[in-house]
Amino acid sequence: MRTPAPDTRPVGLTIAGSDSGGGAGIQADLATMAAHGVFGTSAITAVTAQHTRGVESSHVLPLEEIEAQLEAVTGDFDVGAAKTGMLATTEIVRLVADRAESFEFPLVVDPVMVATSGDRLLEPEAERAYEDLLGAARLATPNADEAEVLTDIAVADRESAREAGEAILETGVDAVLVKGGHIPGEQVRDTLVTNDTVRVFEHPRIRTEATHGSGCTLAAAIAARLATGDSLEPAVEGATNFLARAVRYYYDVGEGHGAVNHLVDLRNEASRNPTAEEVQAVVDRFVERDVSLLVPEVGMNVVGATPAAESVAETAAVEGRITRTLSGVQPNRGVRFGASSHVARFLLSAREFHPALRFAVNCRFGPDVEGALEDLEWQLAAYDRDEEPTDVKETEGNTMSWGARQAFGDREEPPAAVIDRGDVGKEAMTKVVASDPETLADRVLELEEAVESDVELEDEVSR
């Protein structure tokens with residue numbers, strides 16, 4: 001027999017409907033809690049038959065069964081936080097409101113009242129019953145339509161979102177997060193309103209319709225973070241960041257629009273070591289082959305991004321770069337995350353247009369490299385920093401974004417390499433990109449061989 005090694009986790013509770021399609025409801029809540037390291041429990045209010053294209057049917061559970069689930073969970077588990085989703089009927093809303101009065105843990109209420117189509121999901125009595133439930137809650141997370149149902153204020157901008165939030169505070173809820181996903185615009189703005197502060201959390205809108213379950217996921221993420229001990233504002237900030245990535249890297253499943261990727265953060269974190277190892281393998285191939293002919297004056301770097309990388313800290317690279325030595329190319333130090341600045345920002349900017357790109361390397365550029373690229377007949381892109389707007393040049397991050405837009409913005413397929421023709425005081429570069437490390441290494445070695453062949457040919461001609 002072996003000695004057990006129990007894992008103690010905070011506990012979360014979701015009170016919501018079941019989504020057989022897995023993208024929303026109980027299924028989304030439990031997956032989101034698990035992704036945050038929280039043990040998820042549930043009280044199911046209704047069972048739905050649905051998929052990525054819509055809802056086929058639904059069945060509301062008897063009140064006594066819902067109450068029995070709540071009693072079973074709260075009577076045994078030390079619940080750290082709870083959230084509500086689809087409550088379906090006036091009676092269920094009232095039941096949960098009555099039970100919530102005795103909760104000794106924070107409650108997040110996602111007032112599911114309006115379908116994506118704009119149809120009202122509850123009768124007026126249930127909408128009024130929500131006011132009692134909100135009075136027992138730590139946070140309410142209505143979208144713009146639901147906020148309007150609760151307040152008669154049409155939410156269309158920051159000011160009306162604040163006004164609606166302040167009106168909902170009158171129910172007795174501690175705070176209100178008016179979600180901005182349904183409000184048109186290039187940015188999604190979620191407005192957190194408390195009696196003391198107003199804070200807006202802003203993220204670029206993602207061009208996808210795979211947002212089914214996003215409200216459930218956000219509320220579950222906030223509840224999970226409250227259960228782990230976060231205070232409200234950090235919990236909301238972390239949850240909105242979590243959702244933005246979960247929507248961008250959605251699951252491409254089903255015949256409809258797909259599903260929010262509830263485990264994206266967990267899987268992205270798990271990919272860090274493999275990504276660093278892949279970068280190291282590319283570096284080893286470059287050292288073995290001695291790619292001195294392609295190393296720029298400023299040094300070469302190999303960068304690998306985790307599958308859902310959104311920042312430089314989620315890219316692995318050679319610390320101190322790869323440089324030429326008398327015995328061939330050598331990395332100055334080992335591979336670590338956050339070690340690259342220039343190449344990493346270029347790769348992240350490229351991923352805005354082609355998210356499958358995960359690896360990049362900067363190589364020297366000159367007439368010999370240009371000739372070799374022409375011989376290889378690769379798909380190429382180029383940009384000239386002489387054409388770069390003055391205000392963009394002020395920060396390198398903006399330069400990388402501008403350059404990536406010139407190189408990738410109007411292409412259905414990414415080029416194999418991008419020529420950066422440099423600027424005053426800035427060395428010209430060839431940036432090779434790929435979706436996998438093997439392809440990246442193969443391309444660079446192929447380019448090095450082509451440059452070497454051209455050099456040997458020129459030597460023969462000169463003799």
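As the structure is a computational prediction, the values presented were derived from the model and not from experiment.
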- Looking only at heavy atoms, which two atoms of G37 and P10 are closest? And how far apart? O-CD, 3.8 Å
- Query: Taking atom types as modelled and ignoring hydrogens, do the side chains of T439 and R443 form a donor-acceptor contact shorter than 3.5 angstrom?
  - Reply: no
- Task: Test I222 against every option in T141, T32, D110 by the side-chain contact (heavy atoms from CB on, under 4.5 Å) rule and name the one that passes.
- Result: T141
- Can you find a pair of side-chain heavy atoms, one from R267 and one from P307, that are under 4.5 Å apart? no
- Message: Go through it in stages, so that I can follow the logic: the residues are D157 and I183, the test is side chain to side chain contact (heavy atoms under 4.5 Å, CB included), and I'd like the CA-CA distance, side-chain angles, deciding distance and then a yes or no.
- Response: CA-CA 8 Å; D157 52 27; I183 302 172; over 6 Å; no
- Query: With respect to K179, which candidate in L243, T191, D190 satisfies the side-chain contact (heavy atoms from CB on, under 4.5 Å) definition?
  - Reply: D190
- Roughly how far, to the nearest 0.5 Å, is CE of M33 from OG of S42? 9.0 Å
- Query: Any Lys/Arg nitrogen of R285 or D442 sitting under 4.0 Å from an Asp/Glu carboxylate oxygen of the other?
  - Reply: yes
- Task: Ignoring hydrogens and angles, tell me if any N or O in the side chain of R321 forms a donor-acceptor pair with the backbone of V298 under 3.5 Å.
- Result: yes
- Looking at side-chain heavy atoms only, is the closest gap between N362 and H342 below 4.5 Å? no
- E269 side chain to L266 backbone, donor-acceptor under 3.5 Å: no
- Query: If you draw a 6.0 Å radius around CZ in F365, do more than 12 non-hydrogen atoms from other residues or ligands fall strictly inside?
  - Reply: yes
- Task: Say whether, by atom type as modelled, one donor and one acceptor occur between the side chain of N301 and the main chain of G320 under 3.5 angstrom.
- Result: no
- Item | Nearest-0.5 Å distance that lies between atom OG in S453 and atom CD in E448 | 8.5 Å
- Task: Tell me, please, which residues at least two apart from A81 pass side chain to side chain contact (heavy atoms under 4.5 Å, CB included).
- Result: P106, A223, L226, A227
- Item | Expected output: side-chain E319 to main-chain R333 donor-acceptor under 3.5 Å | no
- Item | Neighbour count >12 (heavy atoms, 6.0 Å) for atom CD, E202 | yes
- Task: Please report the shortest heavy-atom distance between V173 and A140, naming the atom on each side.
- Result: CG2-N, 3.8 Å
- Message: Run the side chain to side chain donor-acceptor pair (under 3.5 Å) test against R411 and tell me which residues pass, sequence neighbours left out.
- Response: none
- R364 backbone acceptor or donor facing T430 side chain under 3.5 Å: yes
- Do I168 and P142 come within less than 4.5 Å of each other through their side chains, counting heavy atoms only? yes
- If you look at every heavy atom in L445 and R289, which pair is closest and at what distance? O-NH2, 3.2 Å
- Mind checking whether E56 and S20 have side chains closer than 4.5 Å, heavy atoms only? no
- Message: Which label fits F408 and F353: parallel for a plane angle under 30°, tilted from 30 to 60°, or perpendicular past 60°?
- Response: parallel
- Message: Assess the residue pair L380 and L373 against the criterion (side chain to side chain contact (heavy atoms under 4.5 Å, CB included)); give the C-alpha distance rounded to whole Å, side-chain angles, the decisive distance to 0.1 Å, and a yes or no.
- Response: CA-CA 8 Å; L380 301 175; L373 288 170; 3.9 Å; yes
- Any ring pair (Phe, Tyr, Trp, His ring centres under 6.0 Å) pairs touching residues 216-256, not counting sequence neighbours? H36-F242
- Item | The single option from H212, Q27, H51 passing side-chain hydrogen bond (donor to acceptor under 3.5 Å, both in side chains) against D19 | H212
- Note on the structure: Here the pair of heavy atoms bringing A43 nearest to L13 is N-CD1, 4.0 Å
- More than 12 non-hydrogen atoms from neighbouring residues, nucleotides or ligands closer than 6.0 Å to CD on Q379, yes or no? no
- Determine which pairs satisfy side-chain hydrogen bond (donor to acceptor under 3.5 Å, both in side chains) with at least one residue from residues 270-279, sequence neighbours left out, and list them in order. T275-R358
- Can you name the nearest heavy-atom pair linking L218 to T240, along with the distance? CD1-N, 3.8 Å
- Test side chain to side chain contact (heavy atoms under 4.5 Å, CB included) on L232 and D174 and set out the steps. CA-CA 10 Å; L232 181 62; D174 294 341; 5.9 Å; no
- Message: Quick one about D284 and Q280 (side-chain donor to acceptor, distance below 3.5 Å, no hydrogens or angles considered), yes or no?
- Response: yes
- Message: With a 4.5 Å cut-off on side-chain heavy atoms, are V318 and N332 touching?
- Response: no
- Message: Show every salt bridge (Lys or Arg N to Asp or Glu O under 4.0 Å) that has at least one partner inside residues 203-224, sequence neighbours left out.
- Response: none
- Task: Taking all non-hydrogen atoms of both residues into account, name the closest pair between V176 and G165 and its distance.
- Result: CG2-O, 3.7 Å
- Message: How long is the straight-line distance from OG of S292 back to CZ of F286, given to the nearest 0.5 Å?
- Response: 12.0 Å
- Query: Can you list the steps and then say if V444 with L294 is a side chain to side chain contact (heavy atoms under 4.5 Å, CB included)?
  - Reply: CA-CA 8 Å; V444 171; L294 294 181; 3.8 Å; yes
- Message: For the CG atom of D368 and the CD atom of E370, what is their distance to the nearest 0.5 Å?
- Response: 9.5 Å
- Note on the structure: Only residue of M300, E297, Q330 satisfying side-chain contact (heavy atoms from CB on, under 4.5 Å) with R324 is E297
- Determine whether the side chains of D196 and T194 contain a donor N or O and an acceptor N or O closer than 3.5 Å. no
- Which residues share a side chain to side chain donor-acceptor pair (under 3.5 Å) with T8, sequence neighbours left out: none
- Message: Closer than 3.5 angstrom, by distance alone: can the side chain of R199 be matched with the main-chain N or O of E233 as a donor-acceptor pair?
- Response: no
- Looking only at atom types and distance, does a side-chain atom of T52 sit under 3.5 Å from a main-chain N or O of G258, one as donor and one as acceptor? no
- Item | From CD (E237) to CG (D230), nearest 0.5 Å | 10.0 Å
- Determine, for R245 against E314, whether the closest basic-nitrogen to carboxylate-oxygen distance falls under 4.0 angstrom. yes
- Task: State, with a plain yes or no, whether a side-chain heavy atom of V11 is found less than 4.5 Å away from one of D78.
- Result: no
- Task: Would you mind reporting whether L293 and V291 have side-chain heavy atoms less than 4.5 Å apart?
- Result: no
- Query: Going from CG on L30 to OG on S18, what distance comes out if it is rounded to the nearest 0.5 angstrom?
  - Reply: 9.5 Å
- Could you check if a side-chain atom of F359 sits within less than 4.5 angstrom of a side-chain atom of V279, using non-hydrogen atoms only? yes
